[in-house]
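These numbers were taken from a predicted model, which means no experiment stands behind them. Side chains are part of it too, since the values below use all heavy atoms of this structure and drop only hydrogens, waters and symmetry mates. In the text below, chain A, chain B and the rest are named by the order of the sequence lines, each starting its count at 1.
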Amino acid sequence: MIKVECDGEVLEFSNEISANEVIKKAYGKKSGAVAALVNDEEKDLSYLLTQSCRVEPIQDNSNEGLYIMRHSCAHLLAQAVTELFPNAKPTIGPPIDDGFYYDFFMDPINEDDLRRIEKLMKKIVKQNLPIERQEHNNETLRKMFSDNSFKMEIMDDKIGQEVGSSVYKQGNFVDLCRGPHVESTSKLRWFKLTNTSQAFWRADSSRETLVRIYGMCYSSKEDLQNRENLLREAAKRDHRKLGKDLQLFHIDEMVGQGLVLWTPRGTIIRNELQQFISEHLILQGYQQIYTPHIGKLDLYRTSGHFPYYQDSQYPPIIKRDTLRKLSDENCTCGELSNLMSDGEIDGYMLKPMNCPHHIRVYTSQPRSYRDLPLRLAEFGTVYRWEQSGEISGMTRVRGFTQDDAHLFVTEEQIEQELLGCIELVKVIFGTLGMEDYRVRIGLRASDSDKYVGSPEKWNTAEEACRNAAASLGVEFSEEPGEAAFYGPKIDFVVKDVLGREWQLGTVQVDYNLPERFDLTYVGSDGEKHRPVMIHRAPFGSMERFCGVLIEHFNGMFPTWLSPTQVHILTISEKHKKYAEKIAKTLRDLALRVEVDSGDDTIGKKLRTHRKMRPAYLMILGDDEQKNETVSFMGPDREQNTGILLEKFISDITTEIKSKL
RNA sequence: GCCACCGUGGCUUAGCUCGGUAUAGCGACUGAUUCGUAAUCAGUAGGUCGGGGGUUCAAAUCCCCCCGGUGGCUCCA
């Protein structure tokens, strides 16, 4: 007698019975179950219950259920691929957010192949092939997959020599897998293959290159369509598209990859943001500085950025005389590079970060404990040679301006100063309504020796990071191994419309550079002490932040940020004078105003100007002119007719001042 | 950097499979119109098809190289 607890009731069976039968009995035939939870362990529906236990269904629309379906869908993909491309070797195929992927060792495929594969998958779904689990010992498994070195490698690592494991079979396709899976291919109706890419076996670029095929998979047609709609909508607010449409920035192939040209309208947004930050810097006791865009190689030899990070830097600038001399001596590029690394040749480098310059501002004067914390801030432009394939719009570029600052502090001041930094980030994100961000604390990896600074100092700094994050009531995650080699950090990560995460603000503790530059301050004891540095950039970079902001606001910026705040449209040309008069009044108040008194119809003008998404669209005609009023549509899209100009002015200026 | 795909006037785009110097709309400009809430009418200008090379009597169309973009991979001190 087997007693099975299911849906709060205890059912009794005289013989062993499958989880599926029990669930059907308790929940009916259309339970929506794709797998079962047997004593809290995920099992196939076909799993045979041989003794008393608890059973619950895993629904197809639950996170766990979707995960299982997506995993099964990956198998379905592999079945189709191996049928169409018999030489393809399946490697791994996990479920991911919204779908799945599978990596194959095979020749690259194109879009047509992808559609052929998808078609075959649909056919297999219709065939309603049962998906069966089989248990095998290690020896048998190795025989089964002897022609697939990748699967063999997985077995070497994961399963070891002794233990047997399971495979799943559908039709003629068998895959090494611990499951569970849906019971039949017919359960996998709502999927779509999305794209292919190249990946490396074990994410190691020195290993085999694989063809990765991505797909999405849902439990219902509606969910799949919703996802497709979401992606379509997201594409519309892509900052690269809006940046072009709204004339916010331009990236020109003649200027160079990843080099942003800020157009007049985009520059307004950037300036407003910088102004906003500057105000808060003053409140927090920062001092702003300017430093040049280049520095001597020696500066970066001291900081350690040269020659070690050469791959991600623009090549150095060598003096003309030196180059000429070396050229006369038939010096090769390799020799030149060595001479630079050795310090025998000097030159200049575009700065890949601002810290060394700021450090030299620190050392320009003797410092005492009374000077600390010294907070030096700069909107500093840096240049990094990002891989060409990584560059994208404003979010990943080769030249960008950080809202950077370096705080030189005593050991005891770290926590207090971290707190200030986080507060600043919080104010900025709060003002802009960016509530959907996460805080990540990067800590040491326990097993690595790449870190500089004593373990005691690290403990203090890590604790300070935790306390800073916690005391502000921000939710945060601790991630060991995410720290920089020179100190722990707090990162602020936001998601874009497509769910991709972007790191924006960052706060980092640094024990390394003070050491390398031999920074000191005189303490109250009259002795020299080593300060600690804190790097922080609440926006990260102006480019990335604006890119994310464009998508966040869908191009409809709050009035204080809007490149053009009021667009004045006239009903006919005879209202031109009145429009100019209103425009002048508003411009005198430093409002950004555009006037369209052309001969288009009002309908046409509305259509044209709405495209630029100004904060206010103002319409002026006979009624307004006669009564000295204005009519407008504001950010709320509501029509306001016959409003006194004074009222409009007081409302819009209040709105701008309070950054609503 | 790697794999796949893409690149036609300011923007969107037809043509490319089966080679014979390019299609339309928006925008711009000119004129008419002076109009009350998502496209007034007519006309004009503007491209040699991302760049270079090759095949050919002839290339936007076929081949090669390069540049740029998109999606991923890898990377992000």
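With a cut-off of 3.5 Å on both pairing distances, B:C35 has no Watson-Crick or G-U wobble partner at all. When Watson-Crick and G-U wobble pairs are counted only if both distances are under 3.5 Å, B:U56 pairs with no nucleotide at all. Across the strands present, B:G7 finds its partner in B:C67; the criterion is a Watson-Crick or G-U wobble pair with both atom distances under 3.5 angstrom. Within the shown strands, B:G1 is the pairing partner of B:C73 under the Watson-Crick or G-U definition, both distances less than 3.5 Å. Using the Watson-Crick or G-U wobble rule with both distances under 3.5 Å, B:A45 pairs with nothing in any strand shown. Across the strands present, B:U61 finds no partner; the criterion is a Watson-Crick or G-U wobble pair with both atom distances under 3.5 angstrom. Base pairing analysis places B:A24 opposite B:U12; the two distances defining the Watson-Crick or G-U wobble pair are each below 3.5 Å.
Note on A:D622: a base of the nucleic acid sits closer than 4.0 angstrom, heavy atoms only. Counting any heavy atom pair closer than 4.0 Å across all strands shown, A:R610 reaches a base atom. Within the nucleic acid shown, A:Y101 has no heavy atom closer than 4.0 Å to any nucleic acid atom. As judged by a 4.0 angstrom heavy-atom cut-off over every strand, A:Y486 is placed among residues touching the sugar-phosphate backbone only. At a threshold of 4.0 angstrom between heavy atoms, the contacts of A:G621 include nucleobase atoms, whether or not backbone atoms are also involved. At the heavy-atom level, A:S312 lies under 4.0 Å from base atoms of the strands shown. Heavy atoms of A:I109 sit under 4.0 angstrom from primed sugar atoms or phosphate atoms, though from no base atom. When heavy atoms are screened at a 4.0 angstrom cut-off, A:L114 is found touching no nucleic acid atom at all. As judged by a 4.0 angstrom heavy-atom cut-off over every strand, A:D311 is placed among residues making no nucleic acid contact. Within the 4.0 angstrom heavy-atom criterion, no nucleotide atom of any strand lies near A:Q247. Within the nucleic acid shown, A:E624 comes within 4.0 Å of at least one base atom, counting heavy atoms only. Among the atoms of the strands shown, base atoms are found under 4.0 Å from some heavy atom of A:I619. In this structure, A:E253 reaches the sugar-phosphate backbone alone: every heavy-atom distance under 4.0 Å involves primed, P, OP1 or OP2 atoms, never a base.
Going from atom CG of A:D103 over to atom P of B:C2 covers 19 Å, rounded to whole Å. One atom, CZ of A:R440, and another, C1' of B:C76, lie 11 Å apart when rounded to the nearest Å. If you take CD of A:E573 and P of B:A32, they are 11 Å apart, rounded to a whole angstrom. Distance A:F105 CZ to B:C3 C1': 14 Å, rounded to the nearest Å. Rounded to a whole Å, the CG atom of A:L193 is 14 Å from the C1' atom of B:G72.
Atom CG of A:L77 sits about 5.5 Å away from atom CZ of A:F100, to the nearest 0.5 Å.
Relative to the side chain of A:A484, the nucleotides B:A77, B:U33, B:C73 differ in distance, and B:A77 lies closest. Across B:A4, B:C75, B:A77, the shortest atom-to-atom separation from the side chain of A:P352 is found for B:A77. You'll find that the side chain of A:Q198 is closest to B:C2, out of B:U33, B:G36, B:C2. Closest approach to the A:D600 side chain among B:A4, B:G72, B:U40 is made by B:U40 (side chain taken as heavy atoms from C-beta onward). When distances run from any side-chain atom of A:N195 to the nucleotides B:A77, B:G71, B:C5, the shortest one goes to B:G71. For A:Y309, whose side chain is taken as the heavy atoms from C-beta onward, the closest listed nucleotide among B:A77, B:C5, B:G1 is B:A77. Ranking B:U37, B:A4, B:G36 by closeness to the A:D623 side chain, first place goes to B:G36. Taking only side-chain atoms of A:R240, from C-beta outward, the nucleotide of B:A77, B:U40, B:G71 with the closest atom is B:G71. Of the candidate nucleotides B:G1, B:G72, B:U34, B:U34 has the atom nearest to the side chain of A:S572. Closest to the side chain of A:D599, out of B:A77, B:C75, B:U34, is B:U34.
If you check distances only, the side chain of A:R212 never reaches the base of B:C3 with a donor-acceptor pair under 3.5 Å. Evaluation of atom-type donor-acceptor distances gives a pair under 3.5 Å for the side chain of A:R396 against the base of B:C75.
Using atom P as the reference point in both B:U48 and B:U37, the two lie 43 Å apart (nearest Å). Comparing the P positions of B:U13 and B:C57 gives an interatomic distance of 36 Å, to the nearest angstrom. Only the P atoms considered, B:A60 is 11 Å distant from B:G51, to the nearest whole Å. If you take atom C1' in B:A32 and the same atom in B:C16, they sit 42 Å apart, rounded to whole Å. For B:A4 and B:A77, the C1' atoms lie 31 Å apart once the distance is rounded to whole Å. Nucleotides B:G68 and B:C26, compared at atom C1', are 25 Å apart to the nearest Å. If you take atom C1' in B:A58 and the same atom in B:A22, they sit 16 Å apart, rounded to whole Å. Nucleotides B:G71 and B:G25 are separated by 29 Å at their C1' atoms, to the nearest Å.
Crowding of A:R530 atom CZ: a count of heavy atoms from other residues, nucleotides or ligands under 6.0 Å exceeding 12. The neighbour count for A:F200 CZ, taken as heavy atoms of other residues, nucleotides or ligands under 6.0 Å away, is above 12. With a 6.0 Å radius and a threshold of 12 heavy atoms from other residues, nucleotides or ligands, A:F85 has its CZ atom above the threshold.
An OP1 or OP2 oxygen of B:C35 is reached within less than 4.0 angstrom by no side-chain nitrogen or oxygen of A:K605. Between A:Q257 and B:G68 there is a side-chain N or O to OP1 or OP2 distance below 4.0 Å. Contact between the side-chain N/O atoms of A:Y300 and the OP1/OP2 oxygens of B:A77 is not found at any separation under 4.0 Å. At least one side-chain nitrogen or oxygen of A:T601 sits closer than 4.0 Å to the OP1 or OP2 atom of B:U40. Close to B:G27, at under 4.0 Å from its OP1 or OP2, lies a side-chain N or O of A:K604. Applying the 4.0 Å criterion to OP1 and OP2 of B:C75, one finds that A:R398 has every side-chain N and O outside that range.
For the pair A:Q639 and A:S631, the tightest heavy-atom approach, listed with the atom from each and the gap, is NE2-CB, 4.3 Å.
A donor-acceptor pair under 3.5 Å is formed between the side chain of A:N148 and the backbone N or O of A:P90. One N or O on the side chain of A:H357 and one on the backbone of A:I294 form a donor-acceptor pair closer than 3.5 Å.
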Take A:Y102 and A:F104 through the ring-ring contact (aromatic ring centres under 6.0 Å, His included) test and state the conclusion after the steps.
CA-CA 7 Å; A:Y102 210 119; A:F104 301 92; 4.9 Å; yes

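The pair A:E573-A:K576 does not meet the salt-bridge criterion, since no charged nitrogen lies less than 4.0 angstrom from a carboxylate oxygen. The pair A:K626-A:D622 fails the salt-bridge criterion, with no side-chain N (NZ, NE, NH1 or NH2) lying under 4.0 Å from an Asp/Glu carboxylate O.
Closest-nucleotide positions on RNA chain B for A:I571 and A:K489 were compared, and the one nearer the 5' end corresponds to A:I571. In terms of position on RNA chain B, the residue among A:H305 and A:S197 whose nearest nucleotide sits closer to the 5' end is A:S197.
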